[in-house]
Protein chains: 2
Amino acid sequence: MNLKQLSETLGLSQTTVSRALNGYPEVAEITRQRVEAAAQVHGYSPNTRAKGLATGRAMSIGHVIPISTKHEMVNPVFADFIAGAGEHYSRSGYEMHLSVVSDADEARSYRQLAAKRNVDGVIIHSPRIHDPRLSLLREIGLPFLVHGRDSGATAPYSWLDVNNRRAFGRATAFLLDLGHRRIALINGLEYMDFAVRRRDGYLRALTERNVRPDPALMQSDEMTEPNGHDAARRMLDSPDPPTAFVVSSIISAMGVRRAIQERGLRMGADVSIIAHDDELGYFRNADEAGIPIFTATRSSVRQAGRQAAEMLLSIIERPDLAPMSRLFEAELTLGRSTGPRREGG
Amino acid sequence: MNLKQLSETLGLSQTTVSRALNGYPEVAEITRQRVEAAAQVHGYSPNTRAKGLATGRAMSIGHVIPISTKHEMVNPVFADFIAGAGEHYSRSGYEMHLSVVSDADEARSYRQLAAKRNVDGVIIHSPRIHDPRLSLLREIGLPFLVHGRDSGATAPYSWLDVNNRRAFGRATAFLLDLGHRRIALINGLEYMDFAVRRRDGYLRALTERNVRPDPALMQSDEMTEPNGHDAARRMLDSPDPPTAFVVSSIISAMGVRRAIQERGLRMGADVSIIAHDDELGYFRNADEAGIPIFTATRSSVRQAGRQAAEMLLSIIERPDLAPMSRLFEAELTLGRSTGPRREGG
DNA sequence: CGGGAAAAACAAAGCGCTTTGGAAACTGTG
DNA sequence: CACAGTTTCCAAAGCGCTTTGTTTTTCCCG
């Protein structure tokens, strides 16, 4: 059923039916209700392509998911972020367009998205430092919002981020307060902006307390369980092992915990861990009693997705607005994985 | 730049340019090259909405991601499946349309997808038994492919699945061969078809060896790390604990491992685990030496995504074809998590 | 009851593409 | 050189919607 057929059924013109459905004031309330009822009955929804062609709006947001060519891996937080964003899109009548591309094709992918008029805007994930996507999108004039920040950017842009520096500073300070001095950092890849900020926070907290950072205790890699395990294993087996870990992800933290337990050490009692918790659905950081397994800097990536969607849509609706940004603080939640440094530890 | 402008630049009609770009034989090779070069230079790509309107094809595939209202959780294998499917879509000139909906809105979501002509087909994830989506889609005439199967379906349909019954039968038999008799099953939610099949395989293997299944050793829940831990903890603390576990996911298996280690037991030596491994990017089941951490029934969900996309596209291109299906076998890979039953275990 | 303003409905153009049916420009041949 | 047969290109219609500009209908009041 299309608009023409529906209007014939109703004995009205296409114009009137269209206006009725789109809530224009020029049509009598009684007519509108008649039209809406008929649309309901016949299961009519306007053809997206036709509507988009007529309005010039795609009513669709693009997410370009790069595949790390190195490990062919999808960033696990995408799923939750996208779930959050998707919720808001549906509520607002937008759709979600996904492109999965190898990082080599990323630029081309964005250009096509714009040229084909597939989307009204895009969300940029995991920005790097001096991320070329920002200038590219500015050049092609596609509205965008960055999830994260780009410390190297020269022009203003809209973003949404968690205060990574503060979070990791607090986590490190907390461990220092517990008496730890050998504190390791298991970080994400440090060409990512968030990873640099986290390291900054970590380093600042150490130096503020006159603890000299040790490169041997700093690791930067993809945040997988095996990588976390591997790094922790190496550090724990070294002559002067860490007594605490600050870890950029719950997933790597599970690897760290494994390394700890393999060595007969007890997490919390012998070795402490603070992890960053994105509140991924399948890794709820809580035991049966509801107590966090890991002491964590917590910030829901799902919630970030929702807010990012909301911000991007308002940017699209009012392009004249100045770039907007939102920074939220991560919560430091006490769990079972931290404790005072043991004598001799 | 649109078609009209491009054709004016070239001094050709829109018809000719369109045909040239779409590879029709009616246009001279020399002209085609000229047109293609110009398109390249001006960065021309046809407007998707206009093209879709004219052809009646959306060139887009829908994935409806249901959010479990119970736990607000996104199935973690989606990300990898979608990555695989997305790869194939881009290669074939298709796009990917994602809808995130609470399971209550699922039916409406599919109807809208069809009515708005947003997509040419959809992939159904995680089918249940007597899944209402199959008949719904048949009713509205939207081509679809099921990732998994629906044992309760009455009419034929196209699907792609891993041989869950066989995989879990083999895993269980393998443990029996190692001398285990108390074998637990940590399964996914058993209204999902795959979970039922896995239980079937498990039960069949037990009864074939005259081992009586024990309901206390069978758990069915969402496959999260805490759930795996919780179930394993309860079972291990029971008077007659299991000496081995068959687990439906690497993620829950990590919880099982945690419970084992907490009790001072050694995985492999004291308690065995076989897990199903979807080969998720961030949980590569391998240690530094490349040896699997968990003995596993392995089947790449990413690869499944690729193949599912391929199958669905061919169904769309030739709707007259009979329903097609593909069943692959999971590989049983030996890792460090299994060993013979210990005396007294 | 007539006239003008407000309300309600409409016809048609246009969004950017594909595609049908046809015209023009080349071929080669008798 | 004329003619049929190819090649090569084109004008225009149509996809299903929105929206502009207009017409028709209704309403109110002097």
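In the text below, chain A, chain B and the rest are named by the order of the sequence lines, each starting its count at 1.
Backbone-only engagement by A:Thr55 is indicated by non-hydrogen atom pairs under 4.0 Å involving sugar-phosphate atoms exclusively. When heavy atoms are screened at a 4.0 angstrom cut-off, B:Arg49 is found touching no nucleic acid atom at all.
For B:Gln40, the CD atom sits in a loose shell: 12 or fewer heavy atoms of surrounding residues, nucleotides or ligands are nearer than 6.0 Å.
Remark on DNA chain D: of its neighbouring residues B:Thr15 and B:Leu53, the 5'-side contact belongs to B:Thr15, judged by nearest-heavy-atom nucleotide. Taking the nucleotide of DNA chain D with the nearest heavy atom to each of A:Ala50 and B:Thr16, the more 5' of the two is matched to B:Thr16.
Remark: C1' of C:dA25 and CG of B:Leu12 are 14 Å apart, rounded to the nearest angstrom. Atom CG in A:Leu3 sits about 14 Å away from atom C1' in C:dA12, given to the nearest Å.
Annotation: proximity of residues 21-37 of chain A to DNA chain C (heavy atom, distance under 4.0 Å) is found for A:Glu26, A:Val27, A:Ala28, A:Thr31, numbered in ascending order.
A:Ser325 contributes atom OG, which lies 10.0 Å from atom CG of A:Asp161 (distance to the nearest 0.5 angstrom). Interatomic distance, B:Leu145 CG to B:Gln307 CD, rounded to the nearest 0.5 Å: 10.5 Å.
Interface limits on DNA chain D: the 5'-most and 3'-most nucleotides within less than 4.0 Å of chain A heavy atoms are D:dG16 to D:dT20.
Here the options are B:Val100, B:Asn75, B:Asp105, the test is side-chain contact (heavy atoms from CB on, under 4.5 Å), and the partner is B:Ile67; only B:Val100 passes. Here the rule is side-chain contact (heavy atoms from CB on, under 4.5 Å) with B:Ile82, and of B:Ile65, B:Val301, B:Val77, B:Ile123 only B:Ile65 fits it.
A donor-acceptor contact shorter than 3.5 Å links the side chain of B:Thr55 to the backbone of B:Lys51.
Ring-plane geometry between B:His147 and B:His125 is classed as perpendicular, the angle between the planes exceeding 60 degrees on a 0 to 90 degree scale with a lower cut at 30.
In this structure, a donor-acceptor pair under 3.5 Å is present between the side chains of A:Tyr94 and A:Arg57.
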